Each structure stands twice: as structure tokens, then as C-alpha cells.
Participant: 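Once you've had a glance at the structure underneath, I'll fire off some questions.
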Amino acid sequence: MPESFDTPADQPPRDMGMHEAARRDKLQRIVELGHDPWGNRFDGHMPISAVRAREAEIVTVPIPEGSEQRSPEQHGPTVRVAGRVMLMRPTGKLIFINIQDWTGEIQIFVGKNQVGEENWDLAKCFDLGDLIGVDGELKRTKTGELTVFATRLHFLTKSLDAPPEKHHGLSDPELRQRMRYVDLVHTEGVAARFIKRTQIIRSIRRTLDDQGFLEVEGPTLHSIAGGAAARPFKTHHNALDIPLFMRIALELHLKRLLVGGFERVYELGRVYRNEGISPRHNPEFTMLEVYQAYGDYGSMMELTEALIVGAIEATGQSKQLMWNGQALDFTPPFQRGTYDELFAKCTNIDPADQAAVRRMAEEIGFNTQGVHPDVIKSEVFEEKVEDALSGPIFVTDYPASICPLTKRKRDNPAVAERFELFVLGMEVANAYTELNDPDLQAALFRTQLDGQKEDDSMAKMDHDFIRALRHGMPPAGGLGVGIDRLVMLLTDAASIRDVILFPLLRPEAEP
RNA sequence: GAGGCUGUAGCUCAGUCGGUAGAGCAACGGACUUUUAAUCCGUAGGUCUUGGGUUCGAGUCCCAACAGCCUCACCA
């Protein structure tokens, strides 16, 4: 055991606050009592939820006749727990401590006479936020609270900084994001939401695996950032001395795998888009893309419903749920409507009447000069239709010219076989019948629609992708799901930053 | 990228009309062997985000910077 775990004495004392000074004093006392303030392996403890589940094993011995005894004696199971000190209520020669692990919270009873002098001295060194281990007997207090009556205490790790206010936790959104480790421990519901996120993702994998899909991993560094209209992050490989881009989509490599004979593939992974941050956008986010050979966008619609219903069930929720105070019903089949139908319904304009559409676009302040009619229509759609959709609703059959990776309808080449799933104006999923004609794909890669900014265009020629299509990609359905947004819906989160553990923030100023 | 709002003790928040900086929790000392946000008595804790300006005097008014949030833009 080292002499001291503290800052060596020859170093000038740091400028520390009173909380840290008090905690370092106690740390020193813990060392003097012969304990390691940073703890060691601690075997044999049970999750607190499992300890709570043993309440039924407590037996109460009736008071013997003629006894002076006031309260009946109890015998409970011997348990060992470990957790973080959340609350302490010292009352003279006994202390009530609430400790928390990731399964729950339980009260510890530490009585001076019950644990003996050595344990008592150690208990007096506990601070809120410390990690401790406890051996004891599970019983109830006279107020009925399930409690571990400590027989032996173990010190597992000192906390040098004070936790936030015990009733309110952290509420400053900046602190919550920068110090997610504190947020997870001390803010009500945060840990539970991220556990739900994991359950949702696990459920999505299970649904896909059960339907015979193969999970794969494509490259995240691309020399051509294709598959979506978005600005990429640029980086550089030193040894090869080449520019590279962080991927903006999973699509083009998964389709190469369709050519390679992987008939059902998916990837669940991070993509990066060098764009603005908002309550619905983080520069890196998690995307699911699924491709199914010999399917089409109709097969993807059924799959989307199965994925979402599975995720709702995996989190133990009803298909009727509340999001930001609004009721949503995810009972399949979800509503559906074609792009043109919904356009006509929400705008009272015939979507085929280009002049009328242009007039409305100008009314909402969009500059239509030299812009492709379908881009104008899409602008009006986003403004007037998307926000009006409560959903969940599948919007189907988009103008072909704004869908350069999508197969056209057999009876109408101006319409693409595509759907997007909207919920309360938020786009959650996007699916296509995939274009597999290499000549048409090459032509569409060359097409830069009038009025579209180059950055926003999908017109990026990927010769290797065309070469892959030339070898024959089966007709297929493809689906993309924004996982963070789905998690927002299923955990009633108003901001994407509430479902991403470490969202992007500007660097903190040096202290 | 543009506009609006916010920034006070470790945390959560008050701070009136411009006139000596406040509370609760946390901390420290004391009392207390069945508490439940324990209670009671006492003590300490502040570059009011930063930098300018106006003023006899600025947490408060003005300007700028930094950070966060919201709306818009970009986008999913």
C-alpha cells in the first residue's frame, strides 16, 4: 500500500475549491485507515434490482410471549452490493445512505455499534458521489423501507468533485451535454432513455437478422462521397497522400454487395454530414440502410412497419404513444398517400399545373428563376405539405427528377418508386425501388438539375459504382432509417441531442 | 450563416427604479441509534462569462467577444 495517493508534497498546492479540499482530506484519512481510495476488483456483488427482488426472503420472528422486545426480529438474506453514494442522512451514531447502481437504488443502514469502530471510521470518510461496496443483511426498517443493514463497508472510489444539487440534478443543457457522465447519474430519466436506445437498436438487428438479412460494414472513408445530397467532411490520408471524405450515406457500397450476391444486406452505422446543427440534426448520426434483392419499395414499406413495431415492443411501450405532447398511433398499416394527392390536398393546387405551383413557390418567397419545375414543386411540398402531415404516413411516388438513384414507374417514367415516412413533419425513413440500369444511372450522375447548388446535388459520377451495375444488380428495394429520430419518437425526446450520448459542441474554453 | 433569448456561489435559482451580493442544496464545526430532499444550532463560500463604454456609482444601461438554447437557412 503506497504511503499516499495524494498530490506529492513538493508540488505547489493547486487552487482548489472547498469541496475538493474537503474531499482530499477525507481521501487522506481513507489511506491512513489502510484502504485504497481508488478501490480494487470487487467480486460477488449483486445488481441492486436483484437485491430488491429478494425482499420476499425476509422472515419476521414473532415476539416471544412475555418478552420486553418492542419490534419483531427479522432475518433476511446476506447480500453484497456496490454503487454510488447518492444521499446520506447521518443521525448521530448511525447513517442512512442511498446508493445507486445502473439497475436501481437502495438504502444502506450503517450503525456505529452494528459495524464496529473500523467500518464506522471509514463511513465518516464517505462523500456524495463516492463509490462504495457493502456487505450486509437485507431487512426492512421500522418504516418499512427495504434496507441493507451493513456489517462491513468497502471503499471503491473517491469522487473529488461534488455532484449537482440533489433534488434538481443538472438542468443547464450545456453542462448536461458536456458532462454526460454526471447527467447520466444524476438527472432523472437520462440513463433510462439511453438504455431504451440500445434496446431499439438491438430490436432492429433482431428483426432484420430473423428475416435473413446479413449485417455488413462498409468503408467510412470514401474518395467520392455519394449516395445522398449533402456536404461531406473532408480529410486526408498521409501515406497515400490522397484527399478523402467521411461517408454521407451507406448506399453505394451496399448496392455493390447486391451485385456481389448478398441478396439481403444491411448496415447500421454512423454517417457524417458537414451541415448545420438543429434539434433534429447532428453532424454525425446513426443510419440504417437495408437492401433486399428482388424486392421493391412496397416490400420496404412492410419492413419499415415491422422494424418500428418491433422497436416499440422491445421498449415495452404501446403503439399509441405521446411525443412532445402529441398523440401518435403506430398500429400498422400506417397511413399512406401519394406525393401528388397530398400536394393537391394541402395546397388546393393541381400538382401538374406548373404555373400555379410556381406562383405558390414565389408566394412563400422561393426564387424560381431558372429552377427545374420538380425542384420548385419539391420546395412547395416541403413548405406546405410536410409540416401538415401528422402521421405516421408513407408519402409515395416522388417526381423522378429529384430521385437520381431510383427506378421509375413502369407506366410513368416521370414518377419514381420512392416513399418517405413522415411523423409530425419529421422525416424518419426513406425507401426506393433501386435503379439498376447502368446506362440510366450514368446519365443521371451527369445530370445537374437547373437551379440546384452543386453541393446539394447527387450528381457525382462514381465510375466504380457504374461498373458494378454493369455486372448486374438484381432489382431490389432499399430502405434508409434515421435511427436517432426514431429513438426521439420512441423516447419522447424533443431534441436529437437528448438521444446522442456525446453530441457535437464547440470546444470548451481552457480553464 | 442570420435573428431572438440566456449566462449571478460547486449545483438549482432570486436579485425591484442604477445605490454595500441573496436563498435552498452541497461544504465545514456542533447535537442526535430507524432516517426518507432527515431535523436543529453555528461558520465559511462570489473576477455577477470575458473585455470595453456611459455614470459620482453598473449584476442591472450601451457596445463587442465567447458559450448554450430557440427560430430560420442547409439537411435527414
Side-chain angles (χ1 to χ4, degrees), chain A residues 16-23 25-26 70-71 86-98 105-115 120 127-129 139-147 149 159-179 182-183 186-187 227-232 248-249 271-289 365-366 382-383 386 420-423 425-430 453 455-456 480-486 488 494-497 503 505-511:
Chain A
M16 66 175 82
M18 57 177 176
H19 289 97
E20 182 176 350
R23 281 157 185 263
D25 283 349
K26 288 182 198 162
R70 288 264 188 94
S71 51
M86 302 300 285
L87 289 172
M88 281 198 286
R89 293 177 294 282
T91 75
K93 296 190 173 53
L94 65 88
I95 311 174
F96 290 95
I97 301 173
N98 288 35
E105 191 164 342
I106 196 162
Q107 175 169 273
I108 311 293
F109 177 103
V110 181
K112 186 176 182 183
N113 294 340
Q114 288 83 348
V115 295
W120 182 251
D127 281 305
L128 296 181
K139 292 194 287 191
R140 283 185 221 93
T141 62
K142 73 179 183 189
T143 55
E145 180 79 18
L146 190 64
T147 300
F149 285 77
S159 167
L160 292 177
D161 284 331
E165 211 268 351
K166 65 184 175 189
H167 188 52
H168 301 97
L170 282 186
S171 69
D172 180 342
E174 181 175 357
L175 288 180
R176 289 188 50 208
Q177 293 169 54
R178 288 201 194 279
M179 299 200 287
V182 176
D183 193 37
H186 291 99
T187 311
R231 269 171 280 177
I248 58 171
V271 298
Y272 307 86
R273 298 190 181 178
N274 206 340
E275 279 152 4
I277 295 174
S278 86
R280 292 172 180 191
H281 300 86
N282 192 60
E284 54 177 312
F285 63 101
T286 301
M287 178 103 113
L288 167 71
E289 289 196 28
F366 183 66
E382 282 170 26
E383 183 70 22
E386 288 185 4
E420 291 197 283
L421 175 66
F422 283 94
V423 183
M426 183 160 76
E427 187 192 330
V428 176
N430 188 5
K453 282 177 269 175
D455 279 337
D456 303 339
V481 180
I483 297 298
D484 311 273
R485 289 181 173 181
L486 181 61
M488 284 170 70
S495 168
I496 199 167
R497 292 185 294 274
L505 291 171
R506 287 180 191 275
E508 215 170 342
E510 289 295 315

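None of the values given here were measured: they were computed from a predicted structure. Order of the sequence lines sets the chain letters (A, B, ...), proteins ahead of strands, with each chain counted from 1.
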Participant: Checking all strands, does A/E165 fall into the base, sugar-phosphate, or nothing category for heavy-atom contacts under 4.0 angstrom?
Facilitator: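 Answer is base: heavy atoms of A/E165 come under 4.0 Å of a base.
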Participant: Does the side-chain ring of A/H19 lie flat on the base of B/G10, meaning centres under 5.5 Å and planes less than 30 degrees apart?
Facilitator: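 No, the aromatic ring of A/H19 does not stack with the base.
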Participant: Would you measure the distance from the C1' atom in B/A2 across to the matching atom in B/A58 and give it in whole Å?
Facilitator: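 Each nucleotide's C1' atom is 31 Å from the other's.
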Participant: Identify whether any heavy atom of A/R273 sits under 4.0 Å from a base atom; if not, whether one sits that close to sugar-phosphate; answer base, sugar-phosphate or nothing.
Facilitator: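 If one applies the 4.0 Å heavy-atom cut-off, A/R273 turns out to touch a base.
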Participant: State the pairing partner of B/U39; accept Watson-Crick or G-U wobble contacts with both distances under 3.5 Å, and report none otherwise.
Facilitator: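 By the stated definition (distances under 3.5 Å), B/A31 pairs with B/U39.
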Participant: Taking the side chain as everything from C-beta on, heavy atoms only, tell me whether A/I496 gets closer than 4.5 Å to A/M488.
Facilitator: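 Side-chain contact under 4.5 Å: yes.
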Participant: Return the value, rounded to whole Å, for the distance between atom CG of A/L505 and atom P of B/A67.
Facilitator: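 Spelled out: CG on A/L505 to P on B/A67 is 11 Å.
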Participant: For B/A64 and B/C13, measure between their P atoms and round to the nearest Å.
Facilitator: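 Rounded to whole Å, the distance is 28 Å.
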Participant: NA contact type, A/G169, heavy-atom cut-off 4.0 Å: base, sugar-phosphate, or nothing?
Facilitator: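 It contacts sugar-phosphate atoms only.
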Participant: At less than 4.0 Å, is any side-chain N or O atom of A/Q177 found next to OP1 or OP2 of B/C69? Yes or no.
Facilitator: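 For A/Q177, the contact criterion (side-chain N or O under 4.0 Å from OP1 or OP2 of B/C69) is met.
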Participant: Counting only Watson-Crick or G-U wobble pairs whose two distances fall under 3.5 Å, which nucleotide matches B/C72?
Facilitator: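 Pairing partner: B/G1.
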Participant: P atom, B/U49 versus B/C11: distance in rounded Å?
Facilitator: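 Straight-line distance between the two P atoms is 13 Å.
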Participant: To the nearest angstrom, how far is A/M18 atom CE from B/A9 atom C1'?
Facilitator: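 The answer, rounded to whole Å, is 7 Å.
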Participant: So what does A/N274 touch, heavy atoms closer than 4.0 Å: a base, only the sugar-phosphate, or nothing?
Facilitator: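 Counting heavy atoms under 4.0 Å across all strands, no contact is made by A/N274.
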Participant: May I have the distance from A/D172 (atom CG) to B/G68 (atom P), rounded to whole angstrom?
Facilitator: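 After rounding, the reported distance stands at 11 Å.
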Participant: Hey, what do you get for CD (A/E427) to CD (A/E382), rounding to the nearest 0.5 Å?
Facilitator: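 So the CD of A/E427 and the CD of A/E382 are separated by 9.0 Å.
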Participant: Please report, rounded to the nearest Å, how far the C1' atom of B/A76 is from the CD atom of A/E275.
Facilitator: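 Checked: the CD to C1' distance equals 9 Å.
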Participant: Paired with B/C61 by Watson-Crick or G-U wobble geometry, both distances under 3.5 Å: which nucleotide is it?
Facilitator: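 Paired with B/C61, as far as the under-3.5 Å criterion goes, is B/G53.
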Participant: So if I take every side-chain heavy atom of A/H168 and compare against B/A26, B/U34, B/U12, which nucleotide ends up nearest?
Facilitator: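 Nearest listed nucleotide: B/U12.
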Participant: For A/L94 and B/U39, give me the distance from atom CG to atom C1', rounded to whole Å.
Facilitator: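 After rounding, the gap between these two atoms is 13 Å.
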Participant: Can you find a side chain N or O atom of A/R89 that sits less than 4.0 Å from OP1 or OP2 on B/A38?
Facilitator: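 For B/A38, OP1 or OP2 has a side-chain N or O of A/R89 closer than 4.0 Å.
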Participant: B/U35 base to A/T141 side chain: any donor-acceptor pair below 3.5 Å?
Facilitator: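 Answer yes: a donor N or O sits under 3.5 Å from an acceptor.
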Participant: Backbone N or O of A/R231 within a donor-acceptor pair of the A/N274 side chain at under 3.5 Å?
Facilitator: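 No: the side chain of A/N274 does not pair with the backbone of A/R231.
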Participant: Give one of base, sugar-phosphate or nothing for A/Q114, where a contact means two heavy atoms less than 4.0 Å apart.
Facilitator: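 Answer is base: heavy atoms of A/Q114 come under 4.0 Å of a base.
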Participant: Just how far, in rounded Å, is P of B/A38 from CE of A/M86?
Facilitator: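 About 12 Å, once rounded to whole Å.
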Participant: A/L87 or A/M179: which one's nearest nucleotide on RNA chain B is closer to the 5' end?
Facilitator: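 Taking each residue's closest nucleotide, the earlier one in sequence belongs to A/M179.
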Participant: What are the two closest non-hydrogen atoms of A/D183 and A/L170, and how far apart are they?
Facilitator: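 Heavy-atom minimum between the residues: N-CD1, 4.3 Å.
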Participant: In terms of the nearest nucleotide of RNA chain B, which residue is placed more toward the 5' end: A/I496 or A/N98?
Facilitator: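 Nearest-nucleotide comparison on RNA chain B picks A/N98.
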Participant: Over how many whole Å does the gap from A/R176 atom CZ to B/C11 atom C1' extend?
Facilitator: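 So the two atoms are 14 Å apart, to the nearest Å.
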Participant: With C1' as the reference atom in both, quote the distance from B/C17 to B/G30 in angstrom, rounded to an integer.
Facilitator: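 It comes out at 44 Å once rounded to the nearest Å.
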Participant: Going by 5.5 Å between centroids and 30° between planes, is there a stack of A/F96 over B/A38?
Facilitator: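 The ring of A/F96 is not stacked on B/A38.
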Participant: For the side chain of A/L128, starting at C-beta, report the closest nucleotide among B/U34, B/A27, B/A38.
Facilitator: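 Closest of the options to the side chain of A/L128: B/A27.
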Participant: Using a 4.0 Å heavy-atom cut-off across all strands, classify A/R178 as base, sugar-phosphate, or nothing.
Facilitator: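 Result for A/R178 = sugar-phosphate.
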Participant: Using a cut-off of 4.0 Å on non-hydrogen atoms, how would the nucleic acid contact of A/K93 be classed: base, sugar-phosphate, or nothing?
Facilitator: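 Answer is base: heavy atoms of A/K93 come under 4.0 Å of a base.
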Participant: Is there a Watson-Crick or G-U wobble partner for B/G45 with both distances under 3.5 Å, and which nucleotide is it?
Facilitator: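 When the pairing criteria are applied, nothing turns out to pair with B/G45, so the answer is none.
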Participant: Contact class for A/P90 (heavy atom, under 4.0 Å): base, sugar-phosphate, or nothing?
Facilitator: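 Since a base atom lies under 4.0 Å of A/P90, the category is base.
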Participant: With a non-hydrogen cut-off below 4.0 angstrom, is A/R23 in contact with a base, only sugar-phosphate, or nothing?
Facilitator: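 Result for A/R23 = nothing.
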Participant: Tell me whether the side-chain N or O atoms of A/E145 pair up with the base of B/U34 as donor and acceptor below 3.5 Å, since no angle test is needed here.
Facilitator: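 Flag unset: no donor-acceptor pair detected.
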Participant: Under 4.0 angstrom, heavy atoms only, what part of the nucleic acid is A/L170 near: base, sugar-phosphate, or nothing?
Facilitator: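 Sugar-phosphate, no base atom in range.
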Participant: Drop me the distance from A/L505's CG to A/E174's CD, to the nearest 0.5 angstrom.
Facilitator: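 Between atom CG of A/L505 and atom CD of A/E174 there are 7.0 Å.
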Participant: Considering only B/U34, B/U71, B/A37, which nucleotide approaches the side chain of A/P279 most closely?
Facilitator: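 Ranking B/U34, B/U71, B/A37 by closest atom to the A/P279 side chain puts B/U71 first.
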Participant: Taking pairing as Watson-Crick or G-U wobble with both contacts under 3.5 Å, can you name the mate of B/G7, or confirm there isn't one?
Facilitator: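 The answer is B/C66, by the H-bond criterion.
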Participant: Remember a base hit wins even if backbone is also touched, and classify A/G276 as base, sugar-phosphate or nothing at under 4.0 Å, heavy atoms.
Facilitator: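 Result for A/G276 = base.
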Participant: Within the structure, does a side-chain N or O atom of A/K166 lie under 4.0 Å from either OP1 or OP2 of B/A26?
Facilitator: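 A/K166 to B/A26 OP1/OP2: side-chain N or O found under 4.0 Å.
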Participant: May I ask you to say what A/S171 touches in the nucleic acid, namely base, sugar-phosphate or nothing, with a heavy-atom cut-off under 4.0 Å?
Facilitator: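 Sugar-phosphate only.
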Participant: From B/A67, B/A76, B/C69, pick the nucleotide closest to the side chain of A/R506?
Facilitator: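 Nearest nucleotide to the side chain: B/A67.
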Participant: Using a heavy-atom cut-off of under 4.0 Å over every strand shown, decide if A/K26 touches base, sugar-phosphate, or nothing.
Facilitator: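 Sugar-phosphate: the residue A/K26, judged by heavy atoms under 4.0 Å, touches backbone atoms but no base.
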Participant: Searching all strands shown, indicate the nucleotide that pairs with B/C13 (Watson-Crick or G-U wobble; both distances under 3.5 Å).
Facilitator: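 When the pairing criteria are applied, B/G22 turns out to be the nucleotide that pairs with B/C13.
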Participant: Checking the side chain of A/T147 only, and the main-chain atoms of A/F149 only, is there a donor and an acceptor separated by less than 3.5 Å?
Facilitator: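 No, because the side chain of A/T147 does not come within donor-acceptor range (under 3.5 Å) of the backbone of A/F149.
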Participant: Measure from CE on A/M88 to P on B/C32 and round the result to the nearest Å.
Facilitator: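 So the two atoms are 19 Å apart, to the nearest Å.
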Participant: Considering every strand and a 4.0 Å limit on heavy-atom distances, what is the contact class for A/R497: base, sugar-phosphate, or nothing?
Facilitator: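 A/R497: backbone/sugar contact only, no base atoms under 4.0 Å.
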